[in-house]
Amino acid sequence: ETGVTQSPTHLIKTRGQQVTLRCSSQSGHNTVSWYQQALGQGPQFIFQYYREEENGRGNFPPRFSGLQFPNYSSELNVNALELDDSALYLCASSLEGGRTGNTIYFGEGSWLTVV
Amino acid sequence: KQEVTQIPAALSVPEGENLVLNCSFTDSAIYNLQWFRQDPGKGLTSLLLIQSSQREQTSGRLNASLDKSSGRSTLYIAASQPGDSATYLCAVNSGNTPLVFGKGTRLSVIA
């Protein structure tokens with residue numbers, strides 16, 4: 001039990017639609033990161049939020065966007081869904097962005113299938 | 001750009017064996033190295049975190065070592081059990097940078 005919860009656990013969307021995924025971080029953690037994991041691959045970094053500000057972004061297009069709220073929970077929004085967006089989306093929380101000695105904790109993920 | 005490689009990609013061993021999983025990274029300027037376990041269709045469970053100043057960490061039957069200068073880490077699993085079957089992922093970060101993951105090693109422990 002990591003204390004990081006994600007919703008929904010599974011969802012199916014049609015190409016071109018929009019999706020919102022949600023994450024509640026572990027209590028006291030001020031940093032939330034989102035990762036995309038395709039089958040058979042390691043997770044790829046999408047972006048990170050620290051104290052409600054985006055402070056890092058991976059190689060993902062602008063149709064991937066996010067928010068972090070004052071309670072440090074977070075949302076990942078994906079517009080104009082494409083078939084290749086089908087993946088497991090993982091949320092990770094940490095204290096101070098995973099600086100030295102700070103463990104990063106992951107949720108169970110949200111499985112997105114785009115048809 | 002940091003790159004993480006895990007060898008082997010898959011491993012099958014009989015129950016009771018001791019085994020070693022390998023992880024290498026290209027940029028030695030890391031703050032932390034973290035080993036995770038992932039069961040099929042599930043999220044990541046943190047197993048061990050090694051800070052850059054540390055050489056190893058132990059938790060139960062697991063021991064992880066870090067040789068920062070050579071860019072290598074190993075995860076040693078003693079007396080393997082069928083319940084250890086999962087994918088093991090290695091990841092590194094530097095300060096406030098995101099984790100960079102390897103593709104993982106898929107472990108099967110046969111009873």
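All of these numbers come straight from a predicted model, not from anything done at the bench. Throughout, protein chains are lettered first and strands after them, A, B, ... in sequence-line order, and every chain is numbered starting at 1.
The heavy-atom pair separating A:Pro43 from B:Leu89 by the smallest distance is CD-CD1, 4.3 Å.
Within the 4.5 angstrom heavy-atom criterion, no atom of B:Gln54 approaches chain A. Proximity to chain B (any heavy atom under 4.5 Å) is restricted, for A:Gln37, to the side chain, taken from C-beta onward. With a threshold of 4.5 angstrom between heavy atoms, A:Phe47 does not approach chain B through any atom at all.
Taking non-hydrogen atoms and a 4.5 Å limit, the residue list of residues 4-11 of chain B in contact with chain A is empty. Near-neighbour residues of residues 80-93 of chain A relative to chain B, defined by a heavy atom under 4.5 Å from a heavy atom of that chain, comprise A:Leu88, A:Leu90. Contacts with chain A (heavy atom to heavy atom, under 4.5 Å) involve no residue of residues 55-66 of chain B.
A:Phe106 has its side chain within reach of B:Leu99: a pair of non-hydrogen atoms, C-beta onward, lies under 4.5 Å apart.
With hydrophobic clusters built from ILVMFWY side chains whose heavy atoms lie under 4.5 angstrom apart, A:Trp111 does not share a cluster with A:Ile46. Under the 4.5 Å side-chain heavy-atom criterion for Ile, Leu, Val, Met, Phe, Trp and Tyr, A:Leu21 and A:Phe64 are members of the same hydrophobic cluster. Hydrophobic cluster membership differs between B:Tyr76 and B:Leu48, with clusters built from Ile, Leu, Val, Met, Phe, Trp and Tyr side chains linked at under 4.5 angstrom.
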Original post:
What's the verdict on side chain to side chain contact (heavy atoms under 4.5 Å, CB included) for A:Ile104 and B:Asn32, showing C-alpha distance, side-chain angles and the deciding distance?
Top reply: CA-CA 10 Å; A:Ile104 298 172; B:Asn32 299 317; over 6 Å; no

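Counting only residues at least two apart or in different chains, ring pair (Phe, Tyr, Trp, His ring centres under 6.0 Å) contacts with residues 37-68 of chain B are absent.
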